[in-house]
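Both backbone and side-chain heavy atoms feed into the values below; hydrogens, waters and symmetry mates do not.
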Amino acid sequence: MRIALIAHDNKKLDMAMFVRDHIDIFRQHELVATSGTGKILQEKTGLTVERITHGPDGGDLIIGARVAMGQIDAVIFFRDPLTAQPHEPDVSALLRVCDVHNVPLATNLGTAEAIVDWLTDMTNKAKSTPQSQ
């Protein structure tokens, strides 16, 4: 599965620690992240992460487009609800497109844990299903 990971500046380290805590599941999936988040994830976890442009430079919109095209299976976006974001319309558009396309979206630690549980479930089901030949 392809998982998008995004974090506002004050949440980037939290995202890296979250991914590191669940590294066994994240290493089994393709990861895509906005530039700054992806850089910190690579540094702190050693995972391969496709890095696209910085969120305020259109990264959130690129991920939203990939959601709309069916190329992203889940989004984990650690938002900073206490700091105004200059690109808030882009963030809102990403959240809306996830809703339109029924793509699982986490915006905090609690919902991110739920997505990891879902990923674990999906991964275990895929492993237990015999592959057709």
Between the side chains of His29 and Thr123, does any donor sit under 3.5 Å from an acceptor? yes

Do Asn108 and Thr111 meet the criterion of a side-chain donor-acceptor pair at a distance under 3.5 Å? yes

Is a donor on one side and an acceptor on the other found under 3.5 Å between the side chain of [X] and the backbone of [Y]?
{"X": "Asp73", "Y": "Arg2", "answer": "yes"}
{"X": "Asp121", "Y": "Asp117", "answer": "no"}
{"X": "Thr37", "Y": "Ala7", "answer": "yes"}
{"X": "Arg51", "Y": "Ser35", "answer": "yes"}

Evaluate the side-chain contact (heavy atoms from CB on, under 4.5 Å) criterion for residues Asp21 and Val116: first the C-alpha distance (whole Å), next the side-chain angles of each, then the deciding distance (0.1 Å), finally the verdict. CA-CA 11 Å; Asp21 289 347; Val116 166; over 6 Å; no

Pairwise distance [atom1]([X]) to [atom2]([Y]) - rounded to 0.5 angstrom:
{"X": "Ile25", "Y": "Leu119", "atom1": "CD1", "atom2": "CG", "answer": "5.5 Å"}
{"X": "Thr34", "Y": "Leu61", "atom1": "OG1", "atom2": "CG", "answer": "12.0 Å"}
{"X": "Gln28", "Y": "His22", "atom1": "CD", "atom2": "NE2", "answer": "13.5 Å"}
{"X": "Ile72", "Y": "Leu105", "atom1": "CD1", "atom2": "CG", "answer": "12.0 Å"}

Please report the closest heavy-atom contact between [X] and [Y], naming both atoms and the distance.
{"X": "Thr53", "Y": "Asp57", "result": "OG1-CB, 3.6 Å"}
{"X": "Asp24", "Y": "Arg27", "result": "OD1-NH1, 2.9 Å"}
{"X": "Ala106", "Y": "Ala112", "result": "CB-N, 3.3 Å"}
{"X": "Val49", "Y": "Ala33", "result": "CG1-CB, 3.7 Å"}

[X] versus [Y]: any side-chain heavy-atom pair under 4.5 Å?
{"X": "Leu41", "Y": "Leu31", "answer": "no"}
{"X": "Glu113", "Y": "Phe18", "answer": "yes"}
{"X": "Ile40", "Y": "Met15", "answer": "no"}
{"X": "Arg66", "Y": "Ile52", "answer": "yes"}
{"X": "Leu95", "Y": "Thr107", "answer": "yes"}
{"X": "Phe78", "Y": "Lys12", "answer": "no"}
{"X": "His8", "Y": "Val91", "answer": "yes"}
{"X": "Lys44", "Y": "Met17", "answer": "yes"}

Cluster overlap [X] with [Y], hydrophobic side-chain contacts below 4.5 Å:
{"X": "Ile62", "Y": "Val103", "answer": "yes"}
{"X": "Phe77", "Y": "Ile3", "answer": "no"}
{"X": "Met1", "Y": "Phe26", "answer": "yes"}
{"X": "Ile76", "Y": "Ile23", "answer": "yes"}

The side chain to side chain contact (heavy atoms under 4.5 Å, CB included) partner of Val75 among Val67, Val97, Ile115, Asp60 is Val67

